[in-house]
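Because the structure is predicted, anything quoted here is derived from the model rather than measured.
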Amino acid sequence: IGVLPSIVAMLVVVVVGYVVARFVARTVTALAEKLGLQTAADQSGLADSMHHMGLQRNVPVIIGTIVFWLLMCVFLMAGFNILGLQAVTDAMQEIVHFIPNLLVATVLIVVGLLVATFLRGVVATSADRVGLSYAEYLANGVYYVFAMLTFIAAFNRLGVQFALLENLILIGAGAVAVGFGLAFGLGGRDVMAGILAGYYIRQRLHAGDHVSVGNMEGTVREVGPVATIIETEEDGLLNRRSVPNTKMLNEAVRIPELA
């Protein structure tokens, strides 16, 4: 009988906590929808990944659910404290400390994947304009590296460490940087010069233009990453010749079409 008032008080705290947590969770869900978190999840590809894993709820609802259980844990902790169950209260306190990190990690993943998607688009567009045939692979590589770093940061927020993976990523990035530096220093300058020359050639010439390069005349068919394909006619036969973009930039002269 002496415990009955404590039980009643606990039930009152839990019921009031449920009402408050439900109201706050709905408010947070509506706010997340207003901020466009679901749109960001759709654009970043996170929503599709969640559906493949069997998660049918959208991101705002998930965030609202996390907030709901955070508040419920606070009220449950207060209820168990009324009953004098200190061990249970301590366990609930650990959960309460963990849930905010989970919420931050969720938002971090959504924003990080959105930024990764944006960077993929920028890299793909820029590389395609320069004329790199592997533009799509380069853009996807940037996306997956940034996405991996995003997930590592989110897991670190949750207290899960990936020190070995982080070191491997740093080593890989360093190796790529060293390899690029060696390639540039040992002959990659010619390739880079051809790529840059190709960019400027595309501003001046287009497929179908008639040009003269040195002693050769022909029709431009394609401006590639490092060379331009020119179609010439010799003895009634059509031939395609590859001319370095650097030579095209310095020597090519566009021949106007006769009216």
Side-chain angles (χ1 to χ4, degrees), residues 42-49 52 112-150 168-259:
D42 292 335
Q43 294 177 352
S44 65
L46 177 62
D48 291 336
S49 299
H52 292 156
L113 291 182
L114 183 62
V115 173
T117 302
F118 172 76
L119 291 178
R120 176 167 59 182
V122 170
V123 171
T125 302
S126 302
D128 184 66
R129 287 179 178 177
V130 174
L132 298 180
S133 58
Y134 48 88
E136 182 178 356
Y137 298 104
L138 181 62
N140 287 334
V142 171
Y143 172 82
Y144 287 117
V145 169
F146 197 89
M148 187 178 299
L149 292 176
T150 297
L168 290 176
I169 291 177
L170 291 176
I171 292 173
V176 171
V178 172
F180 179 80
L182 289 175
F184 188 81
L186 298 176
R189 288 175 295 180
D190 295 336
V191 176
M192 293 299 297
I195 292 174
L196 293 175
Y199 172 78
Y200 290 108
I201 291 172
R202 292 185 190 89
Q203 313 304 313
R204 296 170 41 192
L205 302 174
H206 303 86
D209 287 346
H210 197 62
V211 296
S212 172
V213 184
N215 298 325
M216 178 177 61
E217 289 188 12
T219 303
V220 175
R221 292 305 177 196
E222 179 186 359
V223 180
V226 294
T228 300
I229 304 301
I230 296 181
E231 188 177 75
T232 62
E233 183 176 355
E234 299 175 4
D235 299 328
L237 299 176
L238 296 178
N239 298 302
R240 292 201 170 192
R241 299 181 181 275
S242 178
V243 180
N245 285 338
T246 51
K247 183 175 182 179
M248 286 289 298
L249 183 63
N250 295 325
E251 302 181 17
V253 178
R254 185 174 181 274
I255 301 175
E257 297 288 341
L258 297 178

Colleague: Side chains of Val243 and Glu251, heavy atoms from C-beta outward: is any pair under 4.5 Å?
Modeller: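 Counting from C-beta outward, Val243 and Glu251 never come under 4.5 Å.
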Colleague: Which value, rounded to the nearest 0.5 Å, describes the distance between Arg240 atom CZ and Ile229 atom CD1?
Modeller: 7.5 Å
Colleague: Hey, does Arg241 have a side-chain heavy atom less than 4.5 Å from the side chain of Val213?
Modeller: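 Not touching, per the 4.5 Å side-chain cut-off.
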Colleague: What pair of heavy atoms forms the shortest contact from Arg221 to Gly208, and how long is it?
Modeller: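 Taking every non-hydrogen atom into account, NH1-CA, 4.4 Å.
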Colleague: For a 4.5 angstrom cut-off between non-hydrogen side-chain atoms, does Met248 reach Ile230?
Modeller: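 With C-beta onward as the side chain, the pair touches.
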Colleague: Can you name the closest pair of heavy atoms from Met216 and Thr232 and give their distance?
Modeller: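 Distance-wise, the nearest heavy atoms are CG-CG2, 3.7 Å.
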Colleague: Is a side-chain donor or acceptor of Arg202 paired with a backbone partner of Gly224 at a separation under 3.5 angstrom?
Modeller: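 Side chain of Arg202 to backbone of Gly224: a pair is present.
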Colleague: When you compare the side chain of Leu249 with that of Arg204, does any pair of heavy atoms fall below 4.5 Å?
Modeller: yes
Colleague: Just verifying a value: how many Å separate His210 NE2 and Leu205 CG, rounded to the nearest 0.5 Å?
Modeller: 12.0 Å
Colleague: Between atom OG1 of Thr219 and atom CD of Glu233, what is the distance when rounded to the nearest 0.5 Å?
Modeller: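 It is 9.0 Å, given to the nearest 0.5 Å.
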Colleague: For the pair Asn245 (side chain) and Val223 (backbone), establish whether a donor and an acceptor sit closer than 3.5 Å, ignoring hydrogens and angles.
Modeller: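 A pair under 3.5 Å: no.
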